[in-house]
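Heavy-atom basis, side chains included; hydrogens, waters and symmetry copies ignored. Here is the naming used below: chain letters follow the sequence lines, and residue numbers restart at 1 for every chain.
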Amino acid sequence: MKVMEEIKLMKGNEAIAHAAIRCGCDGYFGYPITPQSEVMETLMQEKPWETTGMVVLQAESEVAAINMVYGGAGCGKKVLTSSSSPGVSLKQEGISYIACAELPCLIVNVMRGGPGLGTIQPSQADYFQAVKGGGHGDYKLIVLAPSSVQEMADFTVLALDLAFKYNTPSMLLADGIVGQMMEKVVLPPFVPRRTEEEIRQQCPWATTGKVNRKSNVITSLALQAEEMEETNLRLQRKYAQIVENEVRFEEVQCDDADYILVAFGSCARVGEKVVELARNEGIKLGLLRPITLWPFPTKEIQRLAKQVKGFMSLELSAGQMVEDVRLAVNGTVPVEFYGRQGGVVPLAEETLAALKEKLVK
Amino acid sequence: MTAKEIIKPENLVYTKTKVMTDVPMHYCPGCSHGVIHKLIAEAIEEMGIQEKTIGVAPVGCSVFAYNYLDVDFQEAAHGRAPAVATAIKRLQPDKCVFTYQGDGDLAAIGTAETIHTCNRGENIVIFFINNAIYGMTGGQMAPTTLEGMKTSTCPYGRNTDIYGFPLKISDLLAELDGTCYVTRQSVHKVGNIVKAKKAIKKALQNSMDGKGTSVVEFVSSCNSGWKMSPHKANLWMEENMFAKYPLGDLKDTEKKHYGQ
Ligand SMILES: Cc1ncc(C[n+]2csc(CCOP(=O)(O)OP(=O)(O)O)c2C)c(N)n1
Ligand code: SF4
């Protein structure tokens, strides 16, 4: 008998909360900030501590929340935090510690317009912060960019799986639109939380109590330069593996394209419409949507660069991802940018006009 | 007794607890940190909780506490140990979780985490080493630096018009509904060491019993930072530190604690 899929209508932020409970998360730690407060509100409403045993805690600040995530992840637990731009800035020190201590966890950033207190309207201007480091030191996050409510749920599960596969923090980089909009979603199946024994096996390094083994220490400190260099080299080897194995992207009508629009998150949704409008006018436009912003689909862009006449990056920022497109293309064909800032979302029509003016002369 | 008899097992009167490692300590001679480490280690062994104890080390001179205490440990960012410990305890409620923090870590950069962890009544122990100075970074002013006391960032003495007042943070923590036990101890004399160890055990037991947050402050000396001999530092501490930070229990309640 075919089991009917359970289809629900909800906000992207709510989907994250449900997915976290269902995939067996042990803990959530957060601090309210628009446009993502529904993540914690939904969790509190659901009371998972009474069902799966998941802990949900409202911290006194984003700083405390990310350090709770550090503590939980250090115990080998499946933990996450969510915030929006100003709050994610506050988390950067903690993220750097987590990356260096090689702990798996998920950080969600539902971006809003900055800089400063900015606006509660959607933005993608934290791209650099997410993919280039953000905190101090040489580290990387696995950064996934959902563009639908379905992906908010799916990528919550995927991001945590990848975090545990590589013992590294991963980030869901969404924007206010994907967080706030309501769409149909099929939630992931329920997976029980791991038992203490399973955690001891999966994470033999975790602070689960010194039973029949040497004591475990979670730290990012090494006073000797050579020792710290070894840590850095180990991290870089791991990042090279992630670049090799985990690049994800989606293409829309790229096969015969003369031009490629590159866009992620909600901009990719606008981008699909732009492709349609362009094709109606006889312009062969394709859409490349990076799903992993780090690792970036550099090789795919290089492959496309051999077949197309130019790229345009569409972003809710002053132009950040476009730099990575340019690095990939390396001057072989023109790379242009169009974007709106401060919370304004570009229309498909104005984007097409920009494409024609900048690229399809 | 002959030398041969003295070393017989039945004549053994003292042995190092197995919860202390053999790693040579980096602390300055005369520093209080080493004594406090030993007392915590002994308490853990005597209570039989080595397998379920998880410590959280601060940023400060005791950053390497995990090298000396043989239990699972996490090294937190400066001031964040109580947040780290909160999650460890909430996610593993059967464990005994403690933080070990200096005055800069606990009462300056980490004030928010300290207060809110205590206010939530997290079932952890906070060991608080108050030496009135930043030892690790070379002797700068701490929130607990005494009025008139000289440090490298108040070289003419702590003038309260410029620098504000010494922070009696434990008094503040004792006011919070989430704390069950707040006490001020020292380890400069045998009598005080005995009392301090009792306080440590009581605090660890409270954590296991889910009674709320316990705070054990140790009024300590930092002879290097104070630029005194260990002996002189202890005398100075008795005379000046104890006047501002008097020893004794600030709070001890049997309270019902709600939550996990
Ligand atoms: C975010 C951050 N700021 C500053 C420092 C530098 N720092 C290291 S230890 C310390 C002060 C430690 O003093 P205290 O907590 O009193 O401990 P003690 O060394 O006296 O035992 C400071 C300011 C740091 N490591 N991280
Ligand atoms: S600097 Fe002060 S606190 Fe640090 S080890 Fe030396 S005496 Fe102890």
Can you see which heavy atom on [X] is nearest to which on [Y], and at what distance?
| X | Y | answer |
| --- | --- | --- |
| A:Gly72 | B:Ala87 | N-CB, 3.7 Å |
| B:Gln74 | A:Gly71 | NE2-O, 3.1 Å |
| A:Ala64 | B:Glu113 | N-OE2, 3.9 Å |

Rounded to the nearest 0.5 Å, what separation is found between the [atom1] atom of [X] and the [atom2] atom of [Y]?
| X | Y | atom1 | atom2 | result |
| --- | --- | --- | --- | --- |
| B:Arg80 | A:Ser61 | CZ | OG | 7.0 Å |
| B:Asp70 | A:Lys214 | CG | NZ | 10.0 Å |
| A:Met54 | B:Leu91 | CE | CG | 9.5 Å |

Which answer fits [X], side chain, backbone, both or neither, if we ask what part of it has an atom under 4.5 Å from a heavy atom of chain B?
| X | value |
| --- | --- |
| A:Ser96 | neither |
| A:Phe29 | side chain |
| A:Ala206 | backbone |

Pick from [options]: which one has the most heavy-atom pairs with chain B under 4.5 Å?
| options | answer |
| --- | --- |
| A:Ala59, A:Ala73, A:Gly74, A:Gly94 | A:Gly74 |
| A:Val79, A:Thr219, A:Asn212 | A:Thr219 |
| A:Val63, A:Val69, A:Thr208 | A:Thr208 |
| A:Ile66, A:Leu57, A:Asn216 | A:Asn216 |

Does [atom1] belonging to [X] count more than 12 external heavy atoms closer than 6.0 Å?
| X | atom1 | answer |
| --- | --- | --- |
| A:Ile120 | CD1 | no |
| B:Tyr27 | OH | yes |
| A:Gln236 | CD | yes |
| A:Lys132 | NZ | yes |
| A:Gln45 | CD | no |
| A:Lys47 | NZ | no |

Under 3.5 Å donor-acceptor, A:Glu60 side chain and B:His116 backbone
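Here the side-chain-to-backbone pair does not exist.
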>> Under a 3.5 Å distance rule, please check whether B:Gln92 uses its side chain to pair with a backbone N or O of A:Thr207 as donor and acceptor.
In response: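 Answer holds: yes.
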Could you tell me whether the side chain of A:Lys210 reaches within less than 4.5 Å of the side chain of B:Val71, counting heavy atoms only?
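No, every pair of side-chain atoms sits at 4.5 Å or beyond.
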Open item on the list: I want to check something: taking the side chain as every heavy atom from C-beta on, are A:Tyr70 and B:Val56 in contact at a cut-off of under 4.5 Å?
Closed with: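 Counting from C-beta outward, A:Tyr70 and B:Val56 never come under 4.5 Å.
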Stepwise side chain to side chain contact (heavy atoms under 4.5 Å, CB included) test for A:Leu221 and B:Phe64:
CA-CA 9 Å; A:Leu221 174 68; B:Phe64 284 127; 3.4 Å; yes
**Report entry** Side chain / backbone / both / neither for B:Ala76 at chain A, heavy atoms under 4.5 Å
**Finding:**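 Backbone of B:Ala76 only, per the 4.5 Å heavy-atom cut-off to chain A.
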Exercise. Of B:Glu51, B:Lys52, B:Gln50, which is the lone residue that meets side-chain contact (heavy atoms from CB on, under 4.5 Å) with A:Val211?
Worked result: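 Filter result, single survivor: B:Glu51.
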- Query: Are A:Tyr97 and B:Val84 close enough, and set up right, to give a side chain to side chain contact (heavy atoms under 4.5 Å, CB included), and what steps lead you there?
  - Reply: CA-CA 12 Å; A:Tyr97 274 65; B:Val84 174; over 6 Å; no
Which residue out of B:Thr86, B:Thr21, B:Ile54, B:Asn119 racks up the most heavy-atom pairs below 4.5 Å with chain A?
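With the most close heavy-atom pairs to chain A, the winner is B:Ile54.
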Step-by-step side chain to side chain donor-acceptor pair (under 3.5 Å) determination, A:Ser215 to B:Asp72:
CA-CA 5 Å; A:Ser215 49; B:Asp72 278 5; 5.1 Å; no
query = Would you call B:Lys95 and A:Glu196 a salt bridge, using N to O less than 4.0 angstrom?
reply =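 A:Glu196 and B:Lys95: salt-bridged.
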